[in-house]
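For ligands, and for the atoms within them, numbers begin at 1 and follow the listed sequence.
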Amino acid sequence: MSSPLRRPLIAGNWKMNLTLAQSVDLARAVKEGAASASGEVAVCVPFTAITVVAEILRGSPVRLGSQDVYWEAQGAFTGEISAGMLVDAGCQMAIIGHSERRKLFGDSDEWVNKKLSAALKGGLTPIVCIGETLEERETQKTWRVLETQLAGGLKGFAPADLSKAVIAYEPVWAIGTGKTATPAQAQEAHLFVRAQLEKLYGKAFAAGTRVLYGGSVTADNVDTLMSQPDVDGALVGGASLKKDSFLRIMGFKAA
Ligand code: PEP
């Protein structure tokens, strides 16, 4: 069970899925299910669904997030969306540095750092994703990768600037593969991440920062993952697209 300093967060990442009608339907179900959630709940939806989902979630405790944010405020940046535009459309959160963005679209630690800065300045709660590939794990590079991604992504802030930031440990080999990290693997990595946060920004910061686990979280494995002392929530892809499974994940039971 996570420390009382850190309120658990269950965040759905809808990725590039759902029509507007399907988004409305799912957002309504999440809103209705929020009363029996075991912590804070968020849905990170495609840009096109933000305004309709914001309308549905109005007045509910469910937070709304985007899946990315660009670092410039406005201008000739075709295809990009700024933090100000996201807030204007109804977002309170933004995923930054998801492994799919890193792998398919070239997001580097330097970009993550710039996006993080823009998100914080714009008033968005950032969910910064880090994680190792299978090859990196198998060649004993996991800790080096996590250390590098954290140091690069979180570079140059004061602890107070990052007080809202959330970290998501998402082993790339577990994302969308059905191969979840064991609770022991997740706990070991989360403990390592927290030690790095302490090295970068001090003990109080590390103790108060939420570290989510992501990678094939389902209704069947969420309880054991959430029972680990350093797992403060989950970033959920596939299982966040189905009402029943996401509602069950929202209502996780930690030992
Ligand atoms: C994700 O998109 O961040 C993710 C963890 O996906 P999945 O739950 O489908 O593995």
Side-chain angles (χ1 to χ4, degrees), residues 8-18 22-23 26 30 37 39-47 49-50 53 63-69 91 93-105 107 111-112 115-116 119 124-134 136-137 142 145-146 149-150 153 165-183 185-187 189-190 193 210-226 228 230-252:
L9 169 64
I10 302 293
N13 173 12
W14 293 3
K15 308 197 187 189
M16 195 176 76
N17 290 297
L18 306 182
Q22 290 167 331
S23 301
L26 184 54
V30 173
E40 192 178 4
V41 174
V43 287
C44 299
V45 309
F47 292 134
I50 289 171
V53 173
R63 320 275 311 274
L64 178 58
S66 66
Q67 300 168 18
D68 195 16
V69 57
C91 279
M93 305 187 113
I95 295 176
I96 297 174
H98 189 280
S99 68
E100 287 150 17
R101 297 238 36 109
R102 291 178 187 262
K103 180 167 173 233
L104 303 172
F105 305 103
D107 282 26
W111 284 19
V112 168
K115 289 180 176 189
L116 174 58
L124 292 165
T125 295
I127 302 178
V128 179
C129 301
I130 57 169
E132 81 286 359
T133 63
L134 185 59
E136 288 161 347
R137 176 160 279 261
T142 299
V145 168
L146 298 183
Q149 290 180 340
L150 281 170
V166 176
I167 307 297
Y169 167 62
E170 299 208 297
V172 180
W173 49 271
I175 298 179
T177 60
K179 270 196 240 163
T180 320
T182 64
Q185 282 174 322
Q187 171 58 22
H190 282 229
V193 168
R210 293 182 289 186
V211 183
L212 314 185
Y213 168 78
S216 297
V217 173
T218 65
D220 295 329
N221 61 30
V222 68
D223 295 345
T224 47
L225 287 162
M226 289 303 298
Q228 304 307 305
D230 286 282
V231 175
D232 308 315
L235 183 54
V236 186
S240 74
L241 295 171
K242 295 171 225 111
K243 286 181 213 175
D244 291 352
S245 59
F246 194 59
L247 261 57
R248 173 63 185 83
I249 292 169
M250 285 161 55
F252 70 85

Engineer: So which protein heavy atom does atom 1 (C) of ligand 1 come closest to, and at what separation?
Structural biologist: H98 NE2, 3.2 Å

Engineer: Among all protein heavy atoms, pick the one closest to atom 2 (O) of ligand 1 and tell me residue, atom and distance.
Structural biologist: K15 CE, 2.6 Å

Engineer: What atoms of ligand 1 come within less than 4.0 Å of a heavy atom belonging to G215?
Structural biologist: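 What qualifies from ligand 1 is 5 (C), 10 (O).
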
Engineer: Within the 4.0 Å heavy-atom shell around A174, which atoms of ligand 1 are there?
Structural biologist: 10 (O)

Engineer: For atom 5 (C) of ligand 1, find the nearest protein heavy atom and state the residue, atom name and distance (0.1 Å precision).
Structural biologist: E170 OE2, 3.1 Å

Engineer: Please report the shortest heavy-atom distance between Q67 and C44, naming the atom on each side.
Structural biologist: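 Nearest pair, atom of Q67 first, then C44: NE2-O, 3.2 Å.
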
Engineer: Which option wins on minimum heavy-atom distance to atom 9 (O) of ligand 1: G238, S99, G12?
Structural biologist: G238

Engineer: Taking 4.0 angstrom as the limit and counting only heavy atoms of L235, give me the atoms of ligand 1 inside it, by number and element.
Structural biologist: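 What qualifies from ligand 1 is 3 (O), 5 (C).
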
Engineer: Out of curiosity, is A168 lining ligand 1, as in a heavy atom under 4.0 Å away?
Structural biologist: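 Not so, A168 does not reach ligand 1.
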
Engineer: Any heavy atom of A239 sitting closer than 4.0 Å to ligand 1?
Structural biologist: no

Engineer: One pair to check against side-chain contact (heavy atoms from CB on, under 4.5 Å): L150 and I167. What are the steps and the verdict?
Structural biologist: CA-CA 9 Å; L150 281 170; I167 307 297; 4.2 Å; yes

Engineer: Give me the residue, atom name and distance of the protein heavy atom closest to atom 8 (O) of ligand 1.
Structural biologist: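 Looking only at protein heavy atoms, the one closest to atom 8 (O) of ligand 1 is G237 N, 2.8 Å.
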
Engineer: How close do A174 and S216 get, counting heavy atoms only, and between which atoms?
Structural biologist: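 Looking at all heavy atoms of both residues, the closest pair is O-OG, 2.6 Å.
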
Engineer: Under a 4.0 Å heavy-atom limit, does I175 contact ligand 1 with its side chain, its backbone, both, or neither?
Structural biologist: both

Engineer: Give the intermediate values and the outcome of salt bridge (Lys or Arg N to Asp or Glu O under 4.0 Å) for residues E170 and R102.
Structural biologist: CA-CA 12 Å; E170 299 208 297; R102 291 178 187 262; over 6 Å; no

Engineer: What residue among I96, V69, I95 forms side-chain contact (heavy atoms from CB on, under 4.5 Å) with P126?
Structural biologist: I96

Engineer: Which class fits the ring pair Y213 and H190: parallel under 30°, tilted 30 to 60°, perpendicular over 60°?
Structural biologist: tilted

Engineer: Atom CE of M16 and atom CD of E100: how far apart are they, to the nearest 0.5 Å?
Structural biologist: 10.5 Å

Engineer: If you measure every N/O of N13 against every N/O of ligand 1, is any gap under 3.5 Å?
Structural biologist: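 For ligand 1, there is an N or O atom that lies under 3.5 Å from one belonging to N13.
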
Engineer: Taking all non-hydrogen atoms of both residues into account, name the closest pair between L225 and A186 and its distance.
Structural biologist: CD2-CB, 4.0 Å

Engineer: Working to the nearest 0.5 Å, report the span between CG of L116 and CD1 of I127.
Structural biologist: 12.0 Å

Engineer: Which atoms of ligand 1 are found less than 4.0 Å from any heavy atom of G176?
Structural biologist: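 Under 4.0 Å from G176, ligand 1 has these atoms: 7 (P), 9 (O), 10 (O).
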
